[in-house]
Number of protein chains: 2
Amino acid sequence: MKKEKDILQHYIAHKRLRLTRQRQFILETFLSMESHVSAEELYKEVSKRDPSIGLATVYRTLHLLSKSGLAQERQFGDGQTRYEHDFNHSHHDHLICTECGDITEFEHPMIERLQEEIADRNKFSIYTHRLDIYGLCKRCNKKGETFMPTNRHKGG
Amino acid sequence: MKKEKDILQHYIAHKRLRLTRQRQFILETFLSMESHVSAEELYKEVSKRDPSIGLATVYRTLHLLSKSGLAQERQFGDGQTRYEHDFNHSHHDHLICTECGDITEFEHPMIERLQEEIADRNKFSIYTHRLDIYGLCKRCNKKGETFMPTNRHKGG
DNA sequence: TTTGTTATGATAATTATTATCATTATCAAA
DNA sequence: TTTGATAATGATAATAATTATCATAACAAA
Ligand SMILES: [Zn+2]
Ligand SMILES: [Zn+2]
Ligand SMILES: [Zn+2]
Ligand SMILES: [Zn+2]
């Protein structure tokens, strides 16, 4: 929290931007939420405590956080960009539950290494990658087995 | 071409749909183009030879082709859905060049296997996955080395 | 303060895709 | 073949996420 604020301040000073009340508040809120939030979700949470802050500012601040290394944009194919915490958060890939929307992170060094192999083979130089695995998470699997009602177990 | 038409016909018969001139023509055009086309790109090509066919029909037909197993939807993060041939085309992942947009396919059985390992470890059952590797392709790498003008080597 | 800028909030615009709907085309049965 | 039920089409409106615009407000520093 303290450290993240410093990073934002540093980036802002470096780029000669301004540290506004809104930017600080949006960062705080973003950090207080679980990762992989959409702009709309963050905006809703921000609005709760400060209804004066506009949606456009949330979008603008998310871009700022991305550029400063505090957030990372991700597309999981549900039609909206999701943002995850990117400070002290090393590379990882995702298991996405198509039933409840739950997102689990994982890392597998061997998979990472094999990608280099592919790249070499194709004389391709990797900038980044994403591995998204879609299916049913532990909980949703269980539901199927036991014939429980098939509702989302997250959110409302 | 013959086989693909049969597949479409079979699917259409099975679902009690209708085999229209437009559907046949859009399938033909789709198959004649390189894979990983967007709806807009396909529409442009279709329009060239038959301007009477509407964009909505191209979208609808692409959905139909996807459901019948002739096309597969993919999102590479450039904001539009791309469709690739899916008949006689086994699972593969992609190397995407961020400079020229070129898409190369690859398959790596070991990477596939290790994903199962991840899934087991998380009691997750896989439905599908995608591994997209972004970076510079062979050609664009070369350009960088030799200080050639940095233009796209495709299209235009 | 004044001044030159940057940021904000409201809202219009954009873009890809989907929905609507009146009209047309398809196809199996008569 | 005609017919008739209904699926498909094309034009266009609607939707949804995101971005652009712009008048006003907040900053920073002279
Ligand atoms: Zn990875
Ligand atoms: Zn993550
Ligand atoms: Zn794969
Ligand atoms: Zn492919």
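In what follows, chains are A, B, ... by sequence order, proteins preceding strands, each numbered from 1.
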* Search all heavy atoms of A:Tyr134 against all heavy atoms of A:Phe76 and return the closest pair with its distance. =>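 Reported closest heavy-atom pair: OH-O, 2.7 Å.
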* Asked: D:dT9 C1' sits how many Å from B:Leu19 CG, rounded?
  ->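 Rounded to whole Å, this separation is 15 Å.
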* Asked: Roughly, in whole Å, what's the span from OH in B:Tyr59 to P in D:dT15?
  ->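 Roughly 18 Å, once rounded to whole Å.
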Partner set under side-chain hydrogen bond (donor to acceptor under 3.5 Å, both in side chains) for [X], not counting sequence neighbours:
X        : answer
B:Glu28  : B:Lys5
B:His89  : B:Glu105
A:Ser35  : none
B:Ser125 : A:Asn141

* Those residues of residues 71-82 of chain B lying under 4.0 Å from DNA chain C by at least one heavy atom ->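 Heavy-atom cutoff 4.0 Å gives B:Gly79, B:Gln80, B:Thr81.
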* To do: Mind running a 4.0 Å heavy-atom check of residues 2-12 of chain A against DNA chain D and sending the residues that fall below it, in number order?
  =>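 Within this stretch, nothing sits under 4.0 Å of the strand.
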Output one line per pair: protein atom, nucleotide atom from nucleotides 9-12 of chain C, and distance, for all N/O pairs under 3.5 Å.
from, atom 1, to, atom 2, distance (Å)
C:dG9, OP1, A:Gln22, NE2, 3.4
C:dG9, OP1, A:Ser52, O, 2.9
C:dG9, OP2, A:Gly54, N, 3.1
C:dG9, OP2, A:Thr57, OG1, 2.4
C:dG9, N7, A:Arg60, NH2, 2.7
C:dG9, O6, A:Arg60, NH1, 3.3

* Using the C1' atoms of five pairs at each end, what's the angle between the two axes of the helix from C:dT1-D:dA30 to C:dA30-D:dT1, to 10 degrees? ->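 The end axes of the helix from C:dT1-D:dA30 to C:dA30-D:dT1 are about 20° apart, to the nearest 10°.
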Below 3.5 Å is the cut-off: list the nitrogen or oxygen pairs between protein and nucleotides 1-3 of chain D, distance only.
none

* Asked: Any side-chain N or O of B:Arg16 under 4.0 Å from OP1/OP2 of D:dA7?
  ->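 No, because none of the side-chain N or O atoms of B:Arg16 sits under 4.0 Å from OP1 or OP2 of D:dA7.
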* **Within residues 67-81 of chain A or reaching into it, pairs that qualify as side chain to side chain donor-acceptor pair (under 3.5 Å) - sequence neighbours excluded** =>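 Listed once each, the pairs are A:Ser38-A:Gln80, A:Gln72-A:Asp86, A:Arg74-A:Glu84, A:Gln75-A:Thr81, A:Asp78-A:Arg82.
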Atom pairs, N/O to N/O, protein against nucleotides 23-26 of chain D, distance under 3.5 Å?
none

Under 3.5 Å, side-chain donor or acceptor atoms of residues 9-22 of chain B against the rest of the protein: list the pairs with distances, not counting sequence neighbours.
from, atom 1, to, atom 2, distance (Å)
B:Thr20, OG1, B:Arg23, N, 3.1
B:Arg21, NH1, B:Asp50, OD2, 2.7

